[in-house]
2 protein chains.
Amino acid sequence: MELSERKLKILQTIIRTYLETGEPVGSRTISKDPELNLSSATIRNEMSDLEEMGYIIQPHTSAGRIPTDKAYRLYVDTMLDDRTNEVQNLKEQLDEKAGKIDVLLKQVAKVLANNTNYATMVSGPRYQSKKVKFIQITPIDESSILTVIVLDNNMVKNQMLKIDEPIDQEMVVKLNFILNTTLNGLDVTEMNLAIIKKIKEQVGHHTGVIDSVLELIGNALTEDDELEIYTSGATNILKYPELSSKSETTELLNAFEEKRIINNWLETTPPDSETHDIQIYIGDETKVDSMKDCSMVTATYRIQEGVYGKIGIVGPKRMDYDKVVSTLQSLMTQLDDIFKND
Amino acid sequence: MELSERKLKILQTIIRTYLETGEPVGSRTISKDPELNLSSATIRNEMSDLEEMGYIIQPHTSAGRIPTDKAYRLYVDTMLDDRTNEVQNLKEQLDEKAGKIDVLLKQVAKVLANNTNYATMVSGPRYQSKKVKFIQITPIDESSILTVIVLDNNMVKNQMLKIDEPIDQEMVVKLNFILNTTLNGLDVTEMNLAIIKKIKEQVGHHTGVIDSVLELIGNALTEDDELEIYTSGATNILKYPELSSKSETTELLNAFEEKRIINNWLETTPPDSETHDIQIYIGDETKVDSMKDCSMVTATYRIQEGVYGKIGIVGPKRMDYDKVVSTLQSLMTQLDDIFKND
DNA sequence: TGTTAGCACTCTATCAAAAGGAGTGCTAAC
DNA sequence: GTTAGCACTCCTTTTGATAGAGTGCTAACA
């Protein structure tokens, strides 16, 4: 059977109505639509076909129909309105003074949650292949030195280090010089035993300190960027009756609290290589069990080449896809602006 | 009327039973207690008295009795068992390698939530009256310098700074020398205009850079320590039927997500000056509206004099106070150990 | 041939009444 | 002072009846 124009229209109406109400949609409701002008009986015939084709199902005999994942998929793929974006200026809601990127992202999550009434999560930017740009160790007092490492993406890591024997000023200068000349521009794979041996030979003693410093550098380069995930509005999920009753919802809320799970999700999902920036996952497509009754819309933002992060919105399947997509799109361009000005 | 020994015993049994089951407790249930060996009729008389005295209430005629806040108060004040602490070694559950304090505290929250099945929150340590211990600026490339500030509590702050004109090496050494000699040991109130003027006179030019650096220092000293709150197990709250149905619970979950609210709470609650380290708030005593059906147990940890943070557990009123208090107590001593070894 | 009206049927949601259960308060006896 | 017994209350659960919504099918219509 083929999806006739009319079937499509009816399906669209069913989906739209269901998105609004969350209740199964019956043939009479549809028949009232002035655009179609068909009797409920005709609609019933068509609905019967649509059901056979797997686009809608009845929760039970004598209930209206509700869209299946397949229908949602069709809807978001082909029926989304290019509606005129009268989305509020999100930028205004972002505190312009937010100098630090983490504060900004936290705000993004919050603004999105407030605007959409769904749960949102934002992952911090992930830097790939980090290299050492600058190293400096500085004695602070007799028993501790401060190690500062600047990476090529201008991230700065620092840590205090306890030492057993004091290091004199001259030694510090020598150490800094050797470390910088030897390690500058290397990534973690290039710091092999040969190089380490070379450093130790040049310095002569204080090998314990060198080991500690090298360990710090290793951590700085491999560290998981502290899996920074900002979430907001997780409790919005409880606003949708079809979700709030489910047992999976507790699990889902948990996932939002234990950001690690979400992090995994973002990790395993490839940076949707230059396809389209906005991706929609419906039900099982999310591959997350506790989200099987939810939909998820994600967008990828890019700060520079290779530096990207994700923004995700989780809600019921009957999500207002139109609004979510356009809000996200608008937000992405505004973020672009902000990053470009930096 | 006075609380006789027997009344106390009966009340205790009622509370214990209710803590376990969450269901109203009837006279028959109590009469089965081998320790009391009284008929249900006798119990009924006593219960009637207890009700009159405000320790228990009936949710409706012909239901069992449930303890009031007053009864809980009495219970935690006088009846808590000094039960032999067979609490698991929490320390083992804390990853010893957790070098950084924020990782440690995050773990503390999680371990507590897992052990108690309640929601937990941990506030990061708050440092009072911070002073400058060490300042260093370092040129990274032509247009940026790195500023590192070490505070007297050994916290390290750093930030990149864009500059218009390059600074030569000699100038950097001079700047560092002047900044350190002038500002070392000062807190934010002591950095007045006179001192700033003195610095600028000594350096001669580059006043723009100095302004920026001083601003950073100011921020580092006054910054709100990023109101670090770690929460865990918020969804545990949903495990208790008497809470999960309430509308306040969504609000409470929200409070856990928006950590700010909790932060406020911790802020306004004084660092319970050397009283007892563990405090119990029942119902309205929490002063938080969304917690009026909950109880909260908090403990204060101290890293050094004047450096403290709080650990809190939120659960239903029928919380296992015994366990929570002893777990917290055990955790506090173990944290003490960890901090002392530092 | 596509559309529609009509009707029987199914299932759910809702309400009221009934039954069962738990618990109390009171009284009288021990 | 304690307890057994009983009437009473109120909640919870079950049951049955009813109304409503929606469907599928058939027959009539254009």
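As rounded to whole Å, 12 Å separates atom C1' of D/dG1 from atom NZ of B/K7. A straight line from CZ of B/R44 to P of C/dA22 spans 14 Å, rounded to a whole angstrom. Put simply, CD1 on A/I14 is 12 Å from P on D/dG22, counting in whole angstrom units. B/I56 places its CD1 atom 13 Å from the C1' atom of C/dG23, with the value rounded to the nearest Å. Summarising the geometry, the separation between CD1 on B/I30 and P on C/dG23 is reported as 10 Å, rounded to the nearest angstrom. Rounded to whole Å, atom P of D/dG1 lies 10 Å from atom CZ of B/R6. What separates CG of B/D49 from C1' of D/dG1 is a distance of 13 Å, to the nearest Å. One interatomic measurement links the two molecules: CG of A/L36 to P of C/dT4, which rounds to 11 Å at whole-angstrom precision.
With salt bridges taken as basic N to acidic carboxylate O contacts below 4.0 Å, none links A/K7 and A/E2. In summary, B/E242 and B/R318 engage in a salt bridge, as defined by a charged side-chain N under 4.0 Å from a carboxylate O. Ion pairing of B/E258 with A/K110 is present here, as a side-chain N (NZ or NE/NH1/NH2) and a carboxylate O approach within less than 4.0 Å. Between B/E285 and B/R73 there is a salt bridge, with a side-chain nitrogen of the basic residue lying less than 4.0 Å from a carboxylate oxygen of the acidic one.
C/dC9 is paired with D/dG22 under the criterion used here, namely a Watson-Crick or G-U wobble arrangement in which both key atom distances are under 3.5 Å. Under the Watson-Crick or G-U wobble criterion, with both distances below 3.5 Å, C/dA29 is paired with D/dT2. Of the nucleotides present, D/dT15 is the one that pairs with C/dA16 by Watson-Crick or G-U wobble criteria, both distances under 3.5 Å.
Remark: A/T61 is not in phosphate contact with C/dT10, judged by side-chain N or O atoms under 4.0 Å from OP1 or OP2. Contact between the side-chain N/O atoms of A/R28 and the OP1/OP2 oxygens of C/dA5 is not found at any separation under 4.0 Å.
Looking at heavy-atom distances under 4.0 Å, B/T42 makes contact with a base. Looking at heavy-atom distances under 4.0 Å, A/A41 makes contact with a base.
Nucleotides of DNA chain D nearest to B/S62 and A/G64 differ in position, and the one nearer the 5' end is that of B/S62. Each of A/N45 and A/T29 was assigned the nucleotide of DNA chain D with the nearest heavy atom; the assignment lying further toward the 5' end belongs to A/T29.
Here the side chain of A/R65 is nearest to one of D/dG24, C/dT24, C/dG23, namely D/dG24. Comparing C/dG25, C/dT12, C/dT4 against the side chain of A/H60 picks out C/dT12 as the nearest. Among D/dG24, D/dT2, C/dT4, the nucleotide with an atom closest to any side-chain atom of A/S39 is C/dT4.
Looking at A/T42, A/I10, A/I43, A/I14 one by one, the single match for side-chain contact (heavy atoms from CB on, under 4.5 Å) with A/S27 turns out to be A/I43.
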